[in-house]
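Here the structure is laid out as structure tokens; the discussion comes afterwards.
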Amino acid sequence: MKISGWLFDIYPNMVNGLTLWLIGDDGQRHCLQHEFAVRFYAAGPSAQLRALWKFLEEREEPVKLSRTERRDIYTGKITVLACEVPNPAALRDLFQQVSLAFPDLTYYDADIHLALRYAAETGVFPLARCEVETLGNQVQAIQPLDKRWELDPVAPPMRILSLAPDDDPSCRTPKGIIFQYERYSYRLDLEPARAVLVNLRTILERFDPDLILTNHGDTWLIPWLASKIKELGISIPINRDPAYQILTHKEHTYFSYGKIVYRGQQSQFFGRWHLDKQNTMLWSDYGLDGALEMARVTCLPVQEAARLSPGSGISAMQFVTAMQTGILIPWRKAQAEKPKTALELIRADMGGMVYQPTIGLHENVIGIDFVSMYPGIMVHFNISPEVQRSGVALEPSTEEPGIVPQTLEPLLKKRIAYKTALFDMPKWDDRREKYKARSSAEKWLLVTCFGYLGYKNARFGRIESHEAVTAYGREALLRAKEAAEELGYEILHMYVDGIWVKKATKPDADDIRKLLEDVADRTGLPIALDGMYRWVAFLPSQVNAKVPVANRYFGVFQDGSTKVRGIEARRRDTAPLLSKTQMGILEILAKAPDIAAIRKVMPEVDRFIDSKVRALRDGRVPLEDLVMRQRLSRELEAYRTPSPAARAAQQLAEVGKTMRAGQSIRFIITRGKPGVHAWDLPAEVDRKSIDVQRYQTLLYRAIRTVLDAVVPLEKPPDLFDLPVRIEMPIKTDLMAVC
DNA sequence: TACAGTCGGGG
DNA sequence: GTGTACGACTGTA
């Protein structure tokens, strides 16, 4: 029989291959089995390889052995022992025994996700349209009908059941569950639990949803259901595949991007998806469409793709490229960082180019950005761990692309295609949201790819490549500066992938076009206009008013929209009252068409500030607007000087709610000890205890940040007091901008 | 004054 | 399952 449809789920079966779920064009959900052997490779001294051969031959489960040639990206062509295991589910245990018995051999392709192997071998990836030849429920042949890079893939029709507790389980115990299916929505009390389970069973049997979309499902709802199912002995087809239990992952914390990250526990299904909106990477940013895009481009099953941590998505893509092109994937990273000379160490410490901005207000400023600068550099100049580089030449590479650029190029192209399409797509076009979501998911992958190059445990990473990227970035920025200067512009600021310039006279469209062209010509990298500012203010350091800081500024574009960086309003830990006040002031300032007109809007600014301060003093500010939010950087007992966030977490601990390192906590500042009131305490904060004085100080400070930059100073600063502008490359390599 | 703790990026 | 920057800034002792 022939079936066409979408690949919905993929996981190992216990016998000799994998289970595929297809949403058929016929509307059926097909559960199929596909025989699929997996291979790992071993390399090393022949005597040891022979011993391994013997070791494997003597085992009960069949392993097909052969000698073959493959390419290691660092050492080139090598002879390896290929070990083919017919049962993918058995690979993990078998390989563990092998690696323990022969620890000195070098292993490849040993720990690769089954879905990635499948995508590399068959071209069929999660959500791909495909055509399957079947005999019974056995797959005889399968072929993809679309590619990962398709801009408008046809989406499968999906049946979605939403489940949500009626309260946030991290604060209060929920009393009910809200069920929603299509236009039906109803609430059931949690007790008696039997009624909840029976209802759920009925819905699952009647509608057979493809996706169970929950609030707090990973951390609370599914574990709650699982415990009740066990307790009451009611069987529920929560997995479509009755052969499987719910798959759970424990909560954990890990270090990423310089900070502790907390991931709650997870629950995944088989043959059906469970996605928890609260425990899904960036759900609020790109929702279901972004999660589906992640699955398509990474080739990882949707439930995993949606919960990805930064590096794993891009690694998955690199693995697929590697398997498709016959490159071995090291089991453990083979290459240690080579020792560096003193000079190289100094250079290695440089990250993105940072220029000290000219403090103050500037009119008619052009801001330009390189588009996806670091990924663009990797692709254009072929930066990859296996490609040798000496020096920085901004010439497009003509050599065979390395594994990293080869992986990135289609992704970068796809994202640029979405961005380009969005640029002149009308507002009412219903593709807009999808395009934005996909481009946002792709951006994530592109950005982390750069970081991953420098990660010591990345399979295809090398610190030298990472440094090469930032070196190219600095060179590109310097060339942009030259181009602008030759056209008579004054350079106000440069920051990693952006440059701000101005001229004595207001530039017109032709001037801007010329500037963009010249910069693009000289760097060979795509460049985009960030905007033409009516005015922009680069702020001084709070500590020393004469010292500029690289990334604190705000400005107003010609169309009246604002851009804000680095000030309080941009920080997650700032109370909404302060952000709203700062942004409100900016909105009023944005009405001024030029610097001279700012004076005219100041009375309105004054009235606005006055209203905010009065509201605070009179207790009319909504409590939510006073809530600060911070991440706990360590476990509670590890604090030497408990921060306000730690003290709030202590309060929660006292009522039995433990917070782990990496979790965010919300609190309000109160008078006396401990000086905070955790927002998630069962008792609401007493308005009388709020430290209004403190909030007022913070509010004034936030107001001053904005106003000091735009209101003329009482006394003009002495010309000789102005800071000396210095060019200073420093390590800011994380500021990759896409 | 010194040190400990937190945030950033884009859209 | 995986990036242990780095500078600016704030709060506390």
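Hydrogens, waters and symmetry mates play no part in the numbers below; they use all other heavy atoms, side chains included. Lettering of chains follows the sequences in order, A, B, ..., and the numbering in each one begins at 1.
Proximity of A:Ser541 to the phosphate of C:dC9: a side-chain N or O atom is located under 4.0 Å from OP1 or OP2. Taking only side-chain nitrogens and oxygens, A:Asn551 never comes nearer than 4.0 Å to OP1 or OP2 of C:dA8.
The nearest whole Å value for the distance from the CD atom in A:Gln542 to the C1' atom in B:dT6 is 16 Å. Residue A:Leu300 contributes atom CG, which lies 11 Å from atom P of C:dG1 at whole-angstrom precision. Remark: C1' of B:dG9 and OH of A:Tyr374 are 12 Å apart, rounded to the nearest angstrom. Atom CG of A:Leu632 is separated from atom P of B:dG5 by 12 Å (rounded to the nearest Å). Computed from coordinates, the A:Arg307 CZ to C:dG1 C1' distance equals 15 Å when rounded to whole Å. Rounded to whole Å, atom C1' of B:dG9 lies 16 Å from atom CD1 of A:Ile567. Note: CZ (A:Phe450) to C1' (C:dA5) measures 11 Å, nearest angstrom. Computed from coordinates, the A:Leu446 CG to B:dG9 C1' distance equals 14 Å when rounded to whole Å.
A:Tyr533 and A:Gln558 share no side-chain donor-acceptor pair at under 3.5 Å.
With A:Arg671 contributing its side chain and A:Gln693 its backbone, the two residues share no donor-acceptor pair below 3.5 Å. A:Asp369 contributes no side-chain N or O that, together with a main-chain N or O of A:Val371, makes up a donor-acceptor pair within less than 3.5 Å.
Considering only the side chain of A:Arg694, C:dT10 comes nearest among B:dG5, C:dT10, C:dC9. Taking the side chain of A:Asp573 as heavy atoms from C-beta on, and the options B:dC7, B:dG10, C:dC9, the nearest nucleotide is B:dC7. Counting only heavy atoms from C-beta on, A:Val549 has its side chain closest to C:dA8 among B:dG9, C:dA8, B:dT6. For A:Ser643, counting side-chain heavy atoms from C-beta on, the closest listed nucleotide (B:dG9, B:dG5, B:dC7) is B:dG5. Checked against B:dG10, C:dC9, C:dT12, the side chain of A:Arg552 finds its nearest nucleotide in C:dC9. Nearest to the side chain of A:Ser633, among B:dG9, B:dG5, B:dC7, sits B:dG5.
Taking the charged nitrogens against the carboxylate oxygens, A:Arg459 and A:Asp111 do have a contact shorter than 4.0 Å, which makes a salt bridge.
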Produce the list of close N/O pairs, under 3.5 Å, pairing protein atoms with atoms of nucleotides 1-4 of chain B; give distances to one decimal.
from	atom 1	to	atom 2	distance (Å)
B:dA4	O3'	A:Thr641	OG1	3.2

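Side-chain atoms of A:Thr253 and A:Val261, non-hydrogen and from C-beta on, never get closer than 4.5 Å to each other.
Contact detail for A:Ala648 and A:Ala678: the closest heavy-atom pair is O-CB, 3.6 Å.
Residues meeting the ring pair (Phe, Tyr, Trp, His ring centres under 6.0 Å) test with A:Phe667, sequence neighbours left out: none. A:His252 pairs by the ring pair (Phe, Tyr, Trp, His ring centres under 6.0 Å) definition with A:Tyr254, not counting sequence neighbours. Partners of A:Arg92 by salt bridge (Lys or Arg N to Asp or Glu O under 4.0 Å), not counting sequence neighbours: none found.
Within the structure, the side chain to side chain donor-acceptor pair (under 3.5 Å) test picks out the following pairs touching residues 563-575 of chain A (sequence neighbours left out): A:Asp530-A:Lys563, A:Glu568-A:Gln582, A:Glu568-A:Thr705, A:Arg571-A:Asp573.
Within 4.0 Å (heavy atoms only), A:Arg571 reaches at least one base atom of the nucleic acid. In this structure, A:Arg701 reaches the sugar-phosphate backbone alone: every heavy-atom distance under 4.0 Å involves primed, P, OP1 or OP2 atoms, never a base.
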**Pairing string, 5' to 3', for DNA chain C - Watson-Crick or wobble contacts under 3.5 Å, brackets [ ] where pairs cross, | to another strand** = .....||||||||
